[in-house]
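Heads up, the thing below is written out as structure tokens.
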There are 2 protein chains.
Amino acid sequence: METELPASSTAPSASRKKRGEGHTRRDEILLAAKTLFLEEGYDAATIRKIADRVGVSAPTLYLYFQDKEAIMLALCDQTFGRLIERIAKIEKTVTDPLERICRFGDAYARFGLEHPDEYRLVFIGNNIPEAVRKVGHRMPIDDPTRPGVGGALVFSRLVAMLSQLEASGVKLNYPPDTCAELCWMGIHGVVAALIMKPDFPWSNRETLIQGMQDIVINGILSRA
Amino acid sequence: METELPASSTAPSASRKKRGEGHTRRDEILLAAKTLFLEEGYDAATIRKIADRVGVSAPTLYLYFQDKEAIMLALCDQTFGRLIERIAKIEKTVTDPLERICRFGDAYARFGLEHPDEYRLVFIGNNIPEAVRKVGHRMPIDDPTRPGVGGALVFSRLVAMLSQLEASGVKLNYPPDTCAELCWMGIHGVVAALIMKPDFPWSNRETLIQGMQDIVINGILSRA
DNA sequence: CAAATAACTTATCAACGTTAAGTTATCACC
DNA sequence: GGTGATAACTTAACGTTGATAAGTTATTTG
């Protein structure tokens, strides 16, 4: 009657979690999903593949996440969390407003290039769902625990830095919001290009990053 | 026996094409696909919807295109052809090297925002076939009729313009190649951001485009 | 031990891109 | 004016996808 042999054949078949330990399974799903997303991209990483890697059935994922998109959003928050930490550290250690912004750009670009797949997952990619594309919005941070607001926090720090720079007496060519957008777009352009076309014979990476940084900073500062 | 009433009910049911006029149907498909892509985006514009709009069955599309992506690529070629035309026109009508570059940036940005889906597929997409992924490389434009090389031609024109600018006696802060990369990265950053996060409350579009243009041009020109 | 319920599975759905196989209409030719 | 080749097209279906409904275990609590 095949009383019990706990899936001795091929399936991973993770053991059933005990009563209060659902979050463990949730973390397992996130880890598997992250790996698969980075290995194969959002579309190719199907619910069934993720479930297989965890060792459970596909519908089990829906016990822990509302839909596939929610898994993606949770991963975005993880990634943004690390970047937010770095930026918070800069804000604590660096006092000069202009120096802060330079360090921000440097940290941002470096973060993107150090985690190209995660960066691509959040900022690039043509097939990611609507809500994920909205990651980075600055306005509605009504609920800081809501998935997907990590990017908003990052961007809001840049806006804050530029407001402080203006408050410190430096004249800007545009409002702080617009300056922040232009700064981000410039640096993002560099990071995105380097990530998406790694085989292109680009000029030296440091030259491009530093160059774009100089260009953007000089461009927003009103020429004395 | 319902001998013949040619689909008088609801279906569009386009009439069958005569012998040599398959290309007519092909154009109809392209038009319907373009409309639907722009109305609902690449994913939401399903094969069945396109076929419905044309008035034929879904598999009929596969008589004219290898797959869904081939339809998109054909549309890309149409669209990029128009951008190349615009740039060629600029090169013919505008003589001043600096003015040319400004006009290039303006045309490029405007084109990207007018054709977000095509732009995304060629310049941002990460899940697309080899032939398209390498678009933007300046080196190997071996076969100009191959789908997707439009971007390479565009970039090569920018490099040429910057070389001409330098040849005209203007001092640059970087080699022409690097300048072209920085120019493109900056403008691309704006376009990509506006396309990928259309719901973000960005500043005024024209301000951002013109601003980035100013910033990049000023940053490239050696300060006299 | 027994009720409650967290954790999980099987079976199934509609929609997707795509293919196989069959059907009709048109043309060239005798 | 028939006849055969074939362009143009359809119906039926395949394999996957994300997602849901409904049922089944296993654990905890009283």
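No hydrogens, no waters, no symmetry mates; every other heavy atom, side chains included, goes into these values. Lettering follows sequence order; numbering is per chain, from 1.
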Any B:T60 side-chain N or O less than 4.0 Å from OP1/OP2 of D:dT10: yes

Nearest-Å distance for atom pair OH/C1', residues B:Y64 and D:dC9: 8 Å

Atom pair distance, as rounded to whole Å: CE in B:M72 and P in C:dG17: 14 Å

Sugar-phosphate, base or nothing in reach of A:I47, heavy atoms under 4.0 Å: sugar-phosphate

Whole-Å gap separating P (D:dT17) and CG (A:D67): 17 Å

Separation of D:dA7 P from B:L63 CG (nearest whole Å): 11 Å

Whole-Å gap separating P (D:dA7) and NE2 (B:H23): 15 Å

Gap between atoms CG and P, on A:D52 and C:dT10 respectively (whole Å): 12 Å

Basic-acidic side-chain contact under 4.0 Å: B:R110, B:E206: yes

Protein-nucleotide distance (A:L61, atom CG; D:dT20, atom P), rounded to Å: 13 Å

N/O (side chain, A:R25) to phosphate O (OP1/OP2, C:dC8) under 4.0 Å: yes

Ring-face cation contact, B:Y62 with B:K68, 6.0 Å cut, 45° max: no

Distance, rounded to the nearest Å, where B:K68 contributes NZ and C:dT19 contributes C1': 17 Å

Non-hydrogen atoms of A:A33 and A:I71 that approach each other most closely: CB-CG2, 3.5 Å

N-O pairing of B:E40 and B:K49 below 4.0 Å: yes

Side-chain N,O (A:R48) to OP1/OP2 (D:dA19) below 4.0 Å: no

Distance below 4.0 Å between A:Y62 side-chain N/O and D:dA21 OP1 or OP2: no

Test: B:R100 and B:E91 ion pair at under 4.0 Å: no

Touch class at under 4.0 angstrom, heavy-atom based, for A:T46 against every strand present: sugar-phosphate

